[in-house]
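Heads up, the thing below is written out as structure tokens.
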Amino acid sequence: MKLLRAILVRLATMSVTLIGAAVVVFFVIRVVPGNPIAMMLPPGASEDDIARLTAHYGLDKTLFEQFGIWLSGVFRGDFGTSISLRQPVMPLVLGRLPATLELAIFALVIAVVIGGVLALTGVRHRETRTETAIDVANGIGLSIPDFLWALILIVLFGVLMPVFHISGRISPSLDLPFVTQFYVFESFARLRFDLWWDLLKHMFMPALALAIPLAAIISQLLKQSLKETMHLDYVTLSRTKGYSENHVILSEALPNAMLPTLTLIGVQFTFLIGGTVIIERLFSYEGLGNMAIDAVINRDLPLIQGIVIVFALLFTIINLVVDMTYALLNPRLRHA
Amino acid sequence: MSAFLTVGNLSAVLRGNRQRVLRSVSFSIDTGEVLGLVGESGAGKSMIGKAILGILPSAIEIIEGEIVLDGQDLQTMLPADRRRLIGATAALIPQDPLTALNPSRRIEPQITNRLVDILGWSKADARVRALELLNEVHIDNPERVMASYPHELSGGMRQRVLIASAFAANPKLVVADEPTTALDVTVQKQILRLIRDLQQRHATAMVFVTHDLGVVSKVCQRLSVLYGGKFVENASVPDFFAGPTHAYSRALLAATPKYTDPDASLVPVDEAVIEAVAAEVAAADEEWRHAR
């Protein structure tokens, strides 16, 4: 009963968040100067044509009428028609979402692995030069933003040492047998490792660019909380039982020290997804973020709205997953 | 028989500082014997226990002396061997039961992990042993306690669990580091009796660190009084309570509340006595430096 109640409360807050996001995005993009109709018609179009097209897309109605029409459509699952692509918004968005999700998850995995290894190494060799070196690396990782990392990586591994692909999601010459848009997962499931490897070679640099700042944050925070945990009595007690330093760090300190890091990863992961917008653009990666930039350039209002709603939904789901994982890993919260 | 633990001429310093925090400490303990280490806070009594168990903070460095556990000199052993020897023969009863159990693990593995991981017992055997021990420390419903998390138990219960865990591997030496200080007064007495019973039943050698002379009189056979990391008096418990020889010990005893006479006013330790004992420590330091 308690659990059911918690879930219902959670769903209610999620809906409020989404509706808030819908309201904000709808009105904000209409306040920003720029006219989608002007972008569609050639220069010198007649007043008549402009008026006809404006009426066709319902842009002659008042803002509140437009909002009502759009929102009632949303509740029926109809997010409108993209003005620039002249197709229904939702299939477009859902077609691009898997590419972005795969990129973001790959980046998250890289960040957790790099950050975790650095934190554990730093704690194992705390108060030595190794820890200082890790601190310096964290500082550099944090102080350079992801899009700059992208440019640095392009120069290093795309130009000077061309080992990774710098553009697109997959080599255009390959035949694609895919039925879903989750190419990485599907190629793996179909045991098509040639395609899988090609996808990873395309994904590696954008994912790494997104991952480096997050890895630095994870490394810094996890190392700090591990160091604090290492002084606690239960860690000392387990040393007296004959355990090695590695065992003490991994099985006594880590399960407790990673809890605050986990919450942070949740928050930072949403920032990382925000970062995909620019990164996808830099690498011409055909994901949702790249589509978002096109939509903004074309003043494609329905498409922008659809993308923002999907991003907002994604963020609320991530928060939910983080909270659930936290409760699962922390026995003190399990009965609460 | 020879002593199970011998500490000889042990000196330690704070890293990067020539000032000693342990000053040529020597003592030995036989099987079944309890030695009380008494002193005010900062006197170095806990540090001796930590040195024996190999858990000194990294800021403290042993510069001289030996710790011989079960015939083997810990200072000359490889770290991995030392860890295993300590884990197999010695155990700690920590001061604060609220922080000494891992909050994210159930009680059972916290009692049995040493048996399984270090001593190679089977999980089933270790579980039987853990249940037996929880009975020994008078915990009702041990199955349920084993499946609990630390936050579900009271402070007294947790200290019982920690005592059970300490005696799990039949250690020959137990270091009790102020095991009752963090507990309610009502629970203190029970826990104290429990520790003494287990110690006697298993004939364990024990180092009992405390600032409470009343506790020493109940649990220990011998005691050493520390000041500034130096032993100022070593005596058997009956002799000591009959009349300590050192002025500082006398002052310490006079400053202890007496259960037999709760209305008697307490005597704070005289400043002249402190100065005298501090001077004695300084003189010993001078002599030590000269000898090196």
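By convention in this document, chain letters (A, B, ...) are assigned in the order of the sequence lines, proteins followed by strands, and residues within each chain are numbered from 1. Side-chain atoms are counted along with the backbone in the values below, which use heavy atoms only and exclude waters and symmetry mates.
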Sort B:Leu98 into side chain, backbone, both or neither according to what part of it lies under 4.5 angstrom from a heavy atom of chain A.
-> neither
Choice from B:Arg84, B:Gln95, B:Arg114 maximising heavy atom contacts with chain A below 4.5 Å = B:Arg114
Side chain / backbone / both / neither for A:His231 at chain B, heavy atoms under 4.5 Å | neither
Flag for A:Thr229-A:Asn256: side-chain donor and acceptor within less than 3.5 Å | no
Which of B:Leu85, B:Ile118, B:Leu119, B:Leu53 touches chain A most, by non-hydrogen pairs under 4.5 Å = B:Ile118
Please state whether the side chain, the backbone, both or neither of B:Ala100 comes within less than 4.5 Å of a heavy atom of chain A.
-> both
For B:Ile195, the option from B:Val137, B:Val34, B:Ile163 that meets side chain to side chain contact (heavy atoms under 4.5 Å, CB included) = B:Ile163
side-chain contact (heavy atoms from CB on, under 4.5 Å) between A:Ser244 and B:Arg83, worked out = CA-CA 8 Å; A:Ser244 66; B:Arg83 265 194 334 254; 3.3 Å; yes
Contact origin within B:Leu92 toward chain A - heavy atom pairs under 4.5 Å | both
Which distance, rounded to the nearest 0.5 Å, do you find between the NZ of B:Lys50 and the CG of B:Asp177?
-> 6.0 Å
Taking every heavy-atom pair that is under 4.5 Å apart, which of B:Asp96, B:Ile86, B:Asn102 has the most such pairs with chain A?
-> B:Asn102
A:Glu131 side chain vs A:His125 backbone, donor-acceptor pair below 3.5 Å | no
Does the side chain of A:Gln268 reach to within under 4.5 Å of the side chain of A:Ile265, using non-hydrogen atoms?
-> no
Among A:Pro255, A:Ala253, A:Gly242, which residue forms the greatest number of heavy-atom pairs with chain B at distances under 4.5 Å?
-> A:Gly242
So which of B:Pro94, B:Gly87, B:Ser58 has the biggest tally of heavy-atom pairs under 4.5 Å with chain A?
-> B:Gly87
Tell me, do B:Thr31 and B:Thr204 make a side-chain contact under 4.5 Å, heavy atoms counted?
-> no
